[in-house]
Amino acid sequence: ETGVTQSPTHLIKTRGQQVTLRCSSQSGHNTVSWYQQALGQGPQFIFQYYREEENGRGNFPPRFSGLQFPNYSSELNVNALELDDSALYLCASSWRGTGELFFGEGSRLTVL
Amino acid sequence: AQSVSQHNHHVILSEAASLELGCNYSYGGTVNLFWYVQYPGQHLQLLLKYFSGDPLVKGIKGFEAEFIKSKFSFNLRKPSVQWSDTAEYFCAVIPNTNAGKSTFGDGTTLTVKP
């Protein structure tokens with residue numbers, strides 16, 4: 001086990017709704033990264049948070065936003081859900097500078 | 001923009017066969033290179049990593065990878081696979097900067113027949 005926990009594990013939303021996914025990072029890690037993994041593809045980098053600030057962003061629209069809290073836990077928010085947002089959302093924590101990622105089990109989002 | 005290409009989508013081997021999974025990346029600067037593995041029903045976990053130094057790196061469970069800078073490659077190898085190596089393997093690139101924007105390949109599914 002990595003010590004990275006994500007919630008919820010599964011959820012179903014309808015198009016246009018909003019969703020919040022949560023991640024608790026591994027003890028001692030100060031950086032959290034979020035990924036979207038569609039079926040048959042590798043994880044796609046959404047963004048990374050370090051010391052409560054966004055520190056790098058992939059090619060995702062602004063309706064994907066996030067937060068990092070003082071205890072280094074994090075949230076991913078997605079507004080105005082689209083069908084193509086259906087995917088596994090992975091959170092990974094790390095110690096800044098090492099690049100080694102520790103992944104959670106993921107939150108599987110289905111948008112109907 | 002950086003990209004990672006894994007040429008083999010699905011590889012099927014018999015136990016004791018040798019394995020080589022290809023990974024090529026595209027990026028203009030210095031990168032850190034990783035192989036991650038996802039066993040059935042488990043989360044992604046680190047198999048091995050390269051930051052600098054000896055381009056031949058060894059990881060867990062007998063895996064190794066060689067960084068060839070001139071070819072922008074970081075191929076994964078194992079001399080003799082076991083049934084328990086059945087998993088999905090992902091190559092990843094992270095620029096050697098503080099931005100930490102990582103790029104993963106689409107993965108290779110390895111099936112090892114007993």
Side-chain angles (χ1 to χ4, degrees), chain A residues 1-7 9 23-26 29-51 53-60 64 66 68 72 74 87-108, chain B residues 1-10 21-25 27 29-52 57 59-60 65 67 74 76 87-109:
Chain A
E1 285 202 15
T2 62
V4 178
T5 58
Q6 293 186 240
S7 62
T9 54
C23 172
S24 294
S25 59
Q26 180 162 313
H29 288 176
N30 58 9
T31 303
V32 174
S33 303
W34 285 92
Y35 296 83
Q36 180 194 69
Q37 187 176 18
L39 203 60
Q41 296 183 15
Q44 301 294 311
F45 177 75
I46 303 175
F47 42 57
Q48 182 184 83
Y49 277 82
Y50 169 67
R51 289 188 177 178
E53 291 192 1
E54 189 178 288
N55 180 47
R57 187 177 183 94
N59 295 326
F60 282 82
F64 285 78
Q68 186 182 32
Y72 303 128
S74 177
L88 180 68
Y89 288 85
L90 296 168
C91 168
S93 73
S94 60
W95 180 255
R96 181 178 169 88
T98 67
E100 181 176 345
L101 303 168
F102 292 78
F103 284 89
E105 302 278 355
S107 294
R108 184 163 297 281
Chain B
Q2 64 200 57
S3 64
V4 176
S5 177
Q6 292 184 239
H7 312 296
N8 313 100
H9 296 294
H10 196 176
L21 301 182
C23 172
N24 286 90
Y25 70 93
Y27 183 70
T30 304
V31 296
N32 299 324
L33 298 156
F34 303 80
W35 276 96
Y36 283 85
V37 61
Q38 187 166 27
Y39 298 104
Q42 297 187 26
H43 57 81
L44 276 163
Q45 56 189 282
L46 182 70
L47 195 57
L48 48 77
K49 60 187 177 186
Y50 172 80
F51 287 176
S52 63
V57 293
I60 60 172
F67 171 51
F74 189 56
L76 180 70
E88 190 157 17
Y89 294 81
F90 294 93
C91 180
V93 167
I94 299 180
N96 193 21
T97 66
N98 289 331
K101 181 179 175 181
S102 54
T103 301
F104 281 74
D106 282 338
T108 298
T109 300

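All chains are named by letter (A, B, ...) in the order of the sequence lines, taking the proteins before the strands, and each is independently numbered beginning at 1. Everything numeric in this text was worked out from a predicted model, so none of it was measured. Note: hydrogens, waters and symmetry copies are ignored here, and every other heavy atom, side chains too, is used.
For a residue to count as touching a neighbouring chain, one of its non-hydrogen atoms must lie under 4.5 Å from one of that chain's; by this rule B:E88 does not touch chain A.
Other residues, nucleotides and ligands contribute at most 12 non-hydrogen atoms within 6.0 Å of the CG atom of A:L39.
Residues A:L101 and B:F104 have side chains in contact (heavy-atom distance under 4.5 Å, counting atoms from C-beta outward).
Most heavy-atom pairs under 4.5 Å with chain B, from the set A:A92, A:G42, A:G58, A:S94: that is A:G42. Counting heavy-atom pairs closer than 4.5 Å to chain A, the top-ranked of the candidates B:F34, B:F90, B:Y36 is B:Y36.
Note that the NE2 atom of B:H43 and the CZ atom of A:F103 stand 10.5 Å from one another [nearest 0.5 Å]. Distance check: B:Q45 CD to A:F102 CZ gives 10.5 Å after rounding to the nearest 0.5 Å. Summarising the geometry, atom CG belonging to B:L44 is positioned 6.5 Å from atom CD belonging to A:Q37; distances are rounded to the nearest 0.5 Å.
Across all non-hydrogen atoms, the minimal contact from B:Q42 to A:E105 is C-OE1, 4.1 Å.
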